[in-house]
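Pasting a structure here, questions to come.
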Amino acid sequence: MLSLSFTPLVPWPVLAAFGVLAAILAGVAVLARGRTALLRAVALGLVVAALANPSLVREDRDPVKDVAAIVVDRSGSQSLGERPAMTDAVKAELERRFGTLAHIEPRFIEVGDAQGAEGDDGTKLFTALTQALADVPPERIAGVVMLTDGVVHDIPASLEALGLKAPLHVLVTGRPDERDRQIKMLEAPRFGIVGKDVTLRAEVMERGGTGTATVTVRRDGEEIDRQSIATGVPFSLTTHIEHGGPNVVEIEVEPLPGELTTVNNRAVLPIEGIREKLRVLLVSGEPHQGERTWRNLLKSDASVDLVHFTILRPPEKQDGTPISELSLIAFPTRELFVQKIKDFDLIIFDRYANQSVLPSAYFDNIVRYVREGGALLIAAGPEFAGPASLARTRLASILPGDPSAKVVEQPFKAALTETGHRHPVTRALPGSEANPPAWGDWLRIVSAQTRAGVQPILSGANGLPLLALSREDKGRVALMLSDQAWLWARGYQQGGPYIDLLRRLAHWLMKEPALEEEALRAQTTGRGREVRIERQTMAEEAGPVTITGPTGKERRLELAKAEAGLFTATFEAEQLGLHTIRSGNLVAFVSVGPANPRELADVFSDTERLKGVAEGSGGTVRRVAAAGGGIEVPRLQVTRGGRLGGADWIGFRPSDSATVRGVEVYPLGIGLWALAALAAAVLAMWLVEGRRGRAA
């Protein structure tokens, strides 16, 4: 490529002024002398040209390919229905067709769900486009193709607002006759009082539906309601909060035939059950050293409302004191064990002996209370091995063990059994990692035999069971076969973890979800989309869990042993939305990102959202779904002007950009020497012209 270049010997302003002066002088000379003055004009012109120092420049240039950006939408809404297959097929065809365009370089940009401060920014194709083309000069961009369902959340007013001057062509996946039905939550309480009802409000929204739908409600996986409701009209549901911790309520609407996706047909709401107060009844059979240990522990817990009675004067005591002179408060047995027994979450008998204070019918009430969901703890002392033992009452049918009428009085260290190492009440108690445990001694234990199927979690002297737990229908029972826990509280031989042990024990009896033997939990870790799974089990091993993503895709994940009875794993969620984790009959839910992702709020493909920005750039918007099935991909064409798209083609604008490999310069003058020669020629011309004038 040849071009003319100038490198002036004087600054451009000086050269311009000299040129103007030369033109004026040449004009005056021509007017005054006629044609003979044209030689002067030519000479002055040569002087100006010499001062401009012209050169002939030859460049060796290589053409540079223009760039065409192909933005492929891989967001959550693009994973619905036929869209993934459509997207893959169109992308493969575009790759093939761009291979036939020698002067255009295709750059494919895959874009997933955007992650913002709230965890869900929807689909941001234009943000990804500008980031991917940051290293390309705007003039080299021949065009942009977006392969998407049209659900985009960062559409600019125009491409020029992004600094791009290329045409935008949009290829829309999906079909215009899509049908879908979804649940929209209007009011969803996060907390509820245990034992009371909460009200939810929701609405079934649909397109291409029937106007009515059947809604199923489940709580903790169990169906509790099913009703037919009108779509597009808000409705209310009432559910009972059964227990503390997460009460998982599922609302599911039946799918439409040929529905786009069933992912948004279900809403899952973990409602945290909160107890107003955990009511505990503590009955001490007699004053003793450990009595205040239980009282102080329970009173220190702000969530516990404690009612405590100590039997100071059993009915059989006869010392001749008139009843009128006794100042003791009468034990309200009927009120506590008949009228208000169901108001208590836990009943504790601490060194209580059957001394005719409670009639047999009251023990029947306690058994019924436990089997209907209550909790009972027996903190036994020597009386448990005697004839007045509670094991000789109607409570025997629900107790985890039976005493053998022997009390062993010798120092021993409480130790975790094999079951105790896995049970959440005793697992990883401080000091249990040592052998023997780094705890102080206890001095007494009641010899007992546990029932069939009951494994103690703590053992004492001679391997005797020290703490045994059992479940009775809906309720729970614990039997502690020693009254020596107060030694740990007093710091005897450095004491022991009595607060951890007794508090865990009490809360397990009152069904604290975190202390369940068989439990499955899942939660996000706060690091992107990472989810942590915990499986608590009393088994030796925990099998793999099944993870179901928002789109229904399943995968299995093996768990690793973190400690005895606890297995964990982490995984990276591929999509935003609700994930369901199953292990046998246990189910856990975890929501990655917001509860209602933008990607699932509007799932219908759309050709209108991007129409304005595409047509404003000279591009086109079209669906790739063919009328009779399959796909239709437009032809790719390079055009230098006029239209940039037609019924079956899309155009790209070339820039003719190139890189320079080498430059050769050929000066047309030789600088000052040429200027001196030119001045001499001009002087000679004036001398000749002067002689002619004198001769005339």
Side-chain angles (χ1 to χ4, degrees), residues 244 275-315 328-359 362-363 365-367 369-370 373-384 388-391 393 395 398-400 425 446 467-469 472 475-490 498-512 515:
R275 297 182 187 270
E276 291 181 292
K277 278 287 187 178
L278 294 170
R279 300 201 66 196
V280 178
L281 172 60
L282 172 61
V283 180
S284 298
E286 61 183 72
H288 67 99
Q289 296 264 27
E291 179 184 6
R292 297 200 65 83
T293 299
W294 282 108
R295 178 181 177 85
N296 293 342
L297 177 72
L298 294 169
K299 291 290 286 185
S300 67
D301 193 333
S303 65
V304 171
D305 188 2
L306 177 66
V307 177
H308 183 200
F309 287 92
T310 301
I311 307 297
L312 298 177
R313 183 183 177 89
L328 300 178
I329 299 173
F331 190 14
T333 55
R334 177 174 176 78
E335 182 181 4
L336 294 176
F337 295 100
V338 177
Q339 298 174 351
K340 295 185 177 181
I341 187 171
K342 292 185 179 180
D343 292 342
F344 293 103
D345 298 289
L346 171 62
I347 297 174
I348 302 175
F349 284 111
D350 174 31
R351 288 201 59 175
Y352 181 86
N354 185 19
Q355 301 170 331
S356 302
V357 174
L358 298 179
Y362 288 7
F363 288 116
N365 287 347
I366 296 172
V367 171
Y369 154 81
V370 169
L376 174 65
L377 168 62
I378 307 295
E383 77 290 334
F384 193 68
S389 172
L390 288 175
T393 68
L395 295 181
I398 61 172
L399 294 182
V425 170
V446 179
L467 177 60
L469 311 178
E472 296 295 326
R476 304 182 182 192
V477 182
L479 176 60
M480 180 170 285
L481 291 158
S482 177
D483 59 347
Q484 301 287 291
W486 63 273
L487 292 172
W488 279 0
R490 298 284 181 87
Y498 77 99
I499 293 179
D500 294 288
L501 175 62
L502 301 185
R503 183 165 289 164
R504 288 188 201 176
L505 177 60
H507 282 275
W508 176 85
L509 287 163
M510 291 183 286
K511 302 177 182 177
E512 173 67 35
L515 294 168

Could you give the distance from CG (Leu377) to CG (Leu281), rounded to the nearest 0.5 Å?
->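 Going from CG on Leu377 over to CG on Leu281, the span is 11.5 Å.
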Report the residue from Leu395, Ile398, Val367 that forms a side chain to side chain contact (heavy atoms under 4.5 Å, CB included) with Val477.
->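 Per the side chain to side chain contact (heavy atoms under 4.5 Å, CB included) rule, the option paired with Val477 is Ile398, out of Leu395, Ile398, Val367.
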So, does Lys511 use its side chain to make a donor-acceptor pair with the main chain of Ala375 at under 3.5 Å?
-> no
Contact summary for Trp294 and Ala379, nearest pair of heavy atoms = NE1-CB, 3.8 Å
Does Asn354 use its side chain to pair, donor to acceptor, with the backbone of Ala388 at less than 3.5 Å?
-> no
How close do Phe384 and Ser389 get, heavy atom to heavy atom, and via which atoms?
-> O-OG, 2.7 Å
Can you measure from CE (Met510) to CZ (Arg476) and round to the nearest 0.5 angstrom?
->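 Here the rounded value is 11.0 Å.
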Passing option when Ser284 is tested against Arg292, Arg295, Arg351, His308 for side chain to side chain donor-acceptor pair (under 3.5 Å) =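 For Ser284, the side chain to side chain donor-acceptor pair (under 3.5 Å) test succeeds with only one of Arg292, Arg295, Arg351, His308, which is His308.
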Distance-only, no hydrogens or angles: does the Tyr369 side chain make a donor-acceptor pair with backbone N or O of Phe344 under 3.5 Å?
->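 A pair under 3.5 Å: yes.
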Look at the rings of Phe363 and Phe349 and say which category their plane angle falls in: under 30° parallel, 30 to 60° tilted, over 60° perpendicular.
-> tilted
Could you state the interatomic distance from CD1 (Ile348) to CG (Leu306), rounded to the nearest 0.5 Å?
->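 If I round to the nearest 0.5 Å, the distance is 7.5 Å.
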Test Thr310 against every option in His288, Glu286, Glu291 by the side chain to side chain donor-acceptor pair (under 3.5 Å) rule and name the one that passes.
-> Glu291
Go through Asp301 and His507 one step at a time and tell me if the side chain to side chain contact (heavy atoms under 4.5 Å, CB included) criterion holds.
-> CA-CA 11 Å; Asp301 193 333; His507 282 275; 2.9 Å; yes
What distance do Asn365 atom CG and Arg334 atom CZ have between them, rounded to the nearest 0.5 Å?
->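 Result: 9.5 Å between the selected atoms.
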Is atom NZ of Lys340 surrounded by more than 12 heavy atoms (other residues, nucleotides or ligands) closer than 6.0 Å?
->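 Atom NZ in Lys340 is not packed in, count stays at 12 or less.
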If you round to the nearest 0.5 Å, how far is CD1 of Ile366 from CD1 of Ile347?
-> 5.5 Å
Approximate separation, where rounding is to 0.5 Å, of Trp488 CH2 and Asp500 CG =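 Taking CH2 in Trp488 and CG in Asp500, the distance rounds to 10.0 Å.
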Does the side chain to side chain contact (heavy atoms under 4.5 Å, CB included) test come out yes or no for Val304 and Leu346, once each step is laid out?
-> CA-CA 10 Å; Val304 171; Leu346 171 62; over 6 Å; no
Minimum heavy-atom distance between Met480 and Leu502, given as atom pair plus value =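 In terms of heavy atoms, the two residues are closest at CE-CD2, 4.0 Å.
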Are Leu336 and Val283 close enough that some pair of their side-chain heavy atoms sits under 4.5 Å apart?
-> no
Where Tyr352 and Leu358 come nearest, the two heavy atoms and their spacing |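 Between these two residues, the closest heavy atoms are OH-CG, 3.5 Å.
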